[in-house]
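Input: a single structure, listed below in structure tokens.
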There are 2 protein chains.
Amino acid sequence: MRETEAKLVGELKGRGYRLTPQRELLLSVLEGSRKHLNAETLLERVHKVYPRANKSVVYRNLELLADLGLVSCVDFGHGRVEYEVHRHPHHHHLTCRHCGRMLEVRSGAFAQLQQQLHQDYGFNADMDHLAIFGLCQACSEKADPRHEHHPHALQGMGF
Amino acid sequence: MRETEAKLVGELKGRGYRLTPQRELLLSVLEGSRKHLNAETLLERVHKVYPRANKSVVYRNLELLADLGLVSCVDFGHGRVEYEVHRHPHHHHLTCRHCGRMLEVRSGAFAQLQQQLHQDYGFNADMDHLAIFGLCQACSEKADPRHEHHPHALQGMGF
DNA sequence: CCTCCTATTGCAACTGGTTGCATTTGTATC
DNA sequence: GATACAAATGCAACCAGTTGCAATAGGAGG
């Protein structure tokens with residue numbers, strides 16, 4: 001906790017950013033949660049301590065913190081982006097587009113892909129921001145190939 | 001052209017969807033373009049032929065067509081999603097978060113990742129919807145590690 | 001060609017997120 | 001601790017995309 005706090009202060013000051021109460025608060029809320037948080041929840045919690053906080057500050061600081069590598073944001077395709085402190089540097093997210101469940105995964109294949117892209121194209125991929133969609137095992141098994149697409153499946157799926 | 005048209009009709013009717021002028025038009029606009037198109041441009045073009053077309057129809061049909069595997073949509077992180085007919089089944093997009101340029105790529109490493117995820121977690125990844133962010137070769141070379149993050153870099157980047 | 005049923009459309013209201021701008025506030029310097 | 005300057009905030013307007021709902025229109029069956 002203190003460690004990331006100190007890291008934050010160092011990162012910010014070193015680069016000419018200011019240490020504002022909103023910024024500290026935002027990070028501490030993120031650290032206080034084990035789960036991903038979306039911007040709305042985040043704002044609610046910040047609000048309890050600092051009622052005049054504003055959503056644009058939340059978004060702008062999340063962007064900054066993400067940019068500094070302190071938080072990572074993942075778009076699970078549920079209409080809102082989720083944020084978390086960047087403590088497990090190499091885990092990725094597999095989201096099932098059918099049941100909506102999300103799997104955290106740490107596969108060497110990601111590092112391999114990253115390496116390959118660097119080798120072949122000189123591209124330095126941000127693998128940590130990666131969310132992959134598809135069908136989880138359970139849903140793959142249930143899916144009958146002839147009915148893979150149900151009319152209105154997406155609208156009626158309840159997420 | 002006709003081929004995809006026929007494929008569309010078949011897919012739709014076979015699954016109980018209707019063949020509406022908006023749907024056909026949307027697909028033909030997508031096919032008439034070699035590049036990715038965003039929903040706004042798409043709507044403009046549809047509008048020229050069918051002036052009372054509406055954005056919600058565009059979005060709903062893009063979702064349907066994507067779901068049927070006829071178009072693919074990629075989020076380049078520029079604030080709007082881009083759509084294209086799904087003719088090159090296995091190309092992926094590397095987007096530079098600094099200069100915004102986009103690279104089309106066909107690497108075996110993606111297939112390998114896909115395979116690995118299937119093997120290890122039984123997860124069937126939709127690799128075609130994948131856009132990867134990072135730094136392109138040019139920007140990586142220009143970036144001085146001590147100034148990797150410029151104040152307001154994202155706001156001032158001009159896209 | 002008429003009827004009926006339901007998929008689809010058009011619309012307007014809404015959502016999550018972004019932006020421009022005037023105001024406030026960290027913080028470096030004196 | 002006062003000053004000054006740029007970074008950050010708060011706000012309101014905005015943007016892309018989504019949703020609920022009443023009206024419309026494919027198309028299957030008669």
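Note on naming: letters A, B, ... go to the chains in the order of the sequence lines (proteins, then strands), and numbering restarts at 1 for each one.
Atom P of nucleotide C/dT8 and atom CG of B/L26 are separated by 14 Å, given to the nearest angstrom. Rounded to whole angstrom, the span from the CD atom of B/E24 across to the C1' atom of D/dG27 amounts to 14 Å. Atom C1' of nucleotide D/dT9 and atom CG of A/L12 are separated by 15 Å, given to the nearest angstrom. Between A/E44 atom CD and C/dG16 atom C1' there is a gap of 14 Å when expressed in whole angstrom units. Rounded to whole Å, the distance from CG on A/N54 to P on D/dA7 is 20 Å. Whole-Å rounding puts the B/L62 CG to D/dG17 P distance at 9 Å. Regarding B/R15, its CZ atom lies at a distance of 17 Å from the P atom of D/dG27, rounded to whole Å. Rounding to whole angstrom units, CZ of residue A/R23 and C1' of D/dA8 are separated by 6 Å.
Of the side-chain N and O atoms in A/Q22, none sit less than 4.0 angstrom from OP1 or OP2 of C/dT25. Residue B/Y59 has a polar side-chain atom (N or O) positioned under 4.0 Å from OP1 or OP2 of D/dG17. Checking the phosphate oxygens (OP1, OP2) of C/dT25, a side-chain nitrogen or oxygen of A/R52 falls inside 4.0 Å. Under 4.0 angstrom from either OP1 or OP2 of C/dC11 there lies no side-chain N or O belonging to B/R60. For C/dT9, one of the phosphate oxygens OP1 or OP2 lies less than 4.0 angstrom from a side-chain nitrogen or oxygen of B/T20. Taking side-chain N and O atoms only, A/N61 has a distance below 4.0 Å to OP1 or OP2 of D/dT9.
A single hydrophobic cluster is seen to contain both A/L70 and A/L25, as judged by linkage of ILVMFWY side chains at heavy-atom distances under 4.5 Å, directly or through other members.
A 4.5 Å side-chain heavy-atom check between A/F123 and B/I132 finds at least one atom pair inside the cut-off. Side-chain contact check for A/Y50 versus A/Q22: some heavy-atom pair is nearer than 4.5 Å. Here the side chains of A/D126 and B/F133 are in contact, with some heavy-atom distance below 4.5 Å.
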Check nucleotides 4-6 of chain C against the protein and report each pair of N or O atoms closer than 3.5 Å, with its distance, or say if there are none.
unit_1	atom_1	unit_2	atom_2	d
C/dT6	O2	B/R18	NH1	3.2
C/dT6	O2	B/R18	NH2	2.5

Taking only nitrogen or oxygen atoms into account, show me every contact under 3.5 Å that the protein makes with nucleotides 28-30 of chain C, one pair per line with its distance.
none

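No side-chain donor-acceptor contact under 3.5 Å links A/S33 to the backbone of A/L30. Although no hydrogens or angles enter the test, the distance criterion places no donor-acceptor pair under 3.5 Å between the side chain of B/H47 and the main chain of B/R52.
Contact between B/Q137 and A/Y121 at its shortest, heavy atoms only, is OE1-O, 3.9 Å. For the pair B/A39 and B/L62, the tightest heavy-atom approach, listed with the atom from each and the gap, is CB-CD1, 4.4 Å. In terms of heavy atoms, A/A125 sits closest to A/Q114 at O-NE2, 2.9 Å.
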Please report the C-alpha distance between B/K35 and B/E84 in whole Å, then the side-chain angles of each, then the deciding distance to 0.1 Å, and finally whether the salt bridge (Lys or Arg N to Asp or Glu O under 4.0 Å) criterion is met.
-> CA-CA 7 Å; B/K35 301 193 310 159; B/E84 63 180 340; over 6 Å; no
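Classified by interplanar angle (parallel below 30°, tilted 30° to 60°, perpendicular above 60°), the ring pair B/H92/B/F110 is parallel.
For the atom pair CG of B/L113 and CE of B/M127, the computed distance is 3.5 Å after rounding to the nearest 0.5 Å.
Nearer to the 5' terminus of DNA chain D, by closest-nucleotide assignment, is the contact made by A/V57 (compared with the other of A/V57 and B/R80). Mapping B/K55 and B/P21 onto DNA chain D via the closest heavy atom, the residue that lands nearer the 5' end is B/K55.
Counting any heavy atom pair closer than 4.0 Å across all strands shown, B/N38 reaches no nucleic acid atom.
Summary for the helix from C/dC1-D/dG30 to C/dC30-D/dG1: the axes at its two ends, each from 5 pairs, differ by 30° when rounded to the nearest 10 degrees.
Among the nucleotides D/dG10, D/dG17, C/dA7, the one closest to the side chain of B/V81 is D/dG17.
Taking a cutoff of 4.0 Å between a charged side-chain nitrogen and a carboxylate oxygen, A/K48 and A/E44 do not qualify as a salt bridge.
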